[in-house]
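Reminder, nothing fancy here: chain letters follow the sequence lines and each chain counts from 1.
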Protein chains: 2
Amino acid sequence: MIIKYSPESLGKAGRCLRVLAHPARLLIIHLLGQGERSVQELEKEVGISQSSISQHLNLLKDKDILESRRAAQQVFYRLKNPRLLELTTLTRELFCKE
Amino acid sequence: MIIKYSPESLGKAGRCLRVLAHPARLLIIHLLGQGERSVQELEKEVGISQSSISQHLNLLKDKDILESRRAAQQVFYRLKNPRLLELTTLTRELFCKE
DNA sequence: TCTGTGTATTTATATATCTATATATAATGA
DNA sequence: TCATTATATATAGATATATAAATACACAGA
């Protein structure tokens with residue numbers, strides 16, 4: 001393990017985890033784990049307003065968790081690193097047992 | 001994978017992750033990964049006030065992440081589930097690369 | 001260029017979290 | 001019981017986050 005517990009890395013890890021620590025964003029990541037989705041599709045599947053979805057997506061993109069491509073009017077989002085699913089899976093294993 | 005992405009489990013996972021998503025608490029978990037510590041020891045190693053340490057420990061205990069035992073005046077805390085370290089390690093691997 | 005559709009941003013308000021300070025409780029030993 | 005040490009809780013002000021509504025922007029087709 002090269003990565004130290006420096007104040008910087010603790011801060012960065014904390015900020016990234018905090019962005020993940022939201023039900024809607026966890027669901028977005030789960031869905032994107034199955035393949036890319038347009039904002040529209042996410043809006044329907046997550047069940048919150050377009051504006052909220054867009055704001056959540058923006059937070060995740062800011063943290064380099066998602067990336068996107070535009071196809072005509074639509075924008076498709078996908079996980080930047082599929083290993084992120086390991087983290088959400090582990091989270092459920094540890095905290096959602098029953 | 002038995003665990004579903006129900007609103008309840010998403011909410012619970014989100015709340016637990018959020019408690020982890022703080023630099024001081026990540027450091028506490030890292031330290032407790034090496035073995036139990038008294039509040040006093042954590043106070044010194046983390047470098048924040050006794051009151052703050054106690055409040056962080058309480059949040060973690062509320063989420064069933066830590067457990068404690070009292071020995072005379074001191075209270076020692078430890079990780080309830082050592083697998084939690086897998087989560088913090090993965091977090092650093094994913095988010096603290098550089 | 002105008003219109004419609006899809007997405008992003010801005011703004012305001014409500015709510016939650018952080019931190020420090022002060023105070024309270026618990027256990028020990030004199 | 002009193003004083004001391006260790007830990008926990010309460011409170012308040014500052015800061016951060018969440019959410020909805022309104023608006024702005026981007027693209028495609030007529």
| Length of the CD-P vector between A:Q74 and D:dC27, whole Å | 14 Å
| Residues A:E86, A:R83: salt bridge by 4.0 Å N-O rule | yes
| said: Can you pull out every salt bridge (charged side-chain N to carboxylate O under 4.0 Å, His left out) where at least one residue sits in residues 46-65 of chain A? Sequence neighbours excluded, please. | reply: A:D64-A:K80
| message | In this structure, how many angstroms lie between the P atom of D:dT4 and the CD atom of B:Q40, rounded? | response | 17 Å
| Rounding to a whole Å, what distance do you find between B:I53:CD1 and C:dA20:C1'? | 14 Å
| Length of the CG-C1' vector between B:N58 and D:dA6, whole Å | 16 Å
All N/O donor-acceptor pairs, side-chain side in residues 21-28 of chain A, below 3.5 Å, sequence neighbours left out:
{"from": "A:H22", "atom 1": "ND1", "to": "A:A24", "atom 2": "N", "distance (Å)": "3.1"}
{"from": "A:R25", "atom 1": "NE", "to": "A:V19", "atom 2": "O", "distance (Å)": "2.4"}
{"from": "A:R25", "atom 1": "NH1", "to": "A:H56", "atom 2": "ND1", "distance (Å)": "3.0"}
{"from": "A:R25", "atom 1": "NH2", "to": "A:V19", "atom 2": "O", "distance (Å)": "3.4"}

| query | In whole angstrom, what separates B:L20's CG from C:dT17's C1'? | reply | 15 Å
| Heavy-atom protein contacts under 4.0 Å, nucleotides 16-26 of chain D, coded B base, S sugar-phosphate only, - none | -SSBBBB----
| task | Take atom CG of A:L17 and atom P of C:dT17, then tell me their distance rounded to the nearest Å. | result | 15 Å
| Can you find a side-chain donor-acceptor pair between B:E93 and B:T89 that sits under 3.5 Å? | no
| field | Spacing of A:K61 atom NZ relative to C:dA8 atom C1', expressed in whole Å | value | 10 Å
| said: Main chain of B:L87, side chain of B:T91: is a donor-acceptor contact present, judged purely on distance under 3.5 Å? | reply: yes
| request: Look only at the side chain of A:Q74 and the backbone of A:A71, and say whether a donor-acceptor pair between them is shorter than 3.5 Å. | output: no
| task | May I ask you to say what B:Y77 touches in the nucleic acid, namely base, sugar-phosphate or nothing, with a heavy-atom cut-off under 4.0 Å? | result | sugar-phosphate
| request: Could you check how far CG of B:L42 sits from P of D:dT7, rounded to whole Å? | output: 9 Å
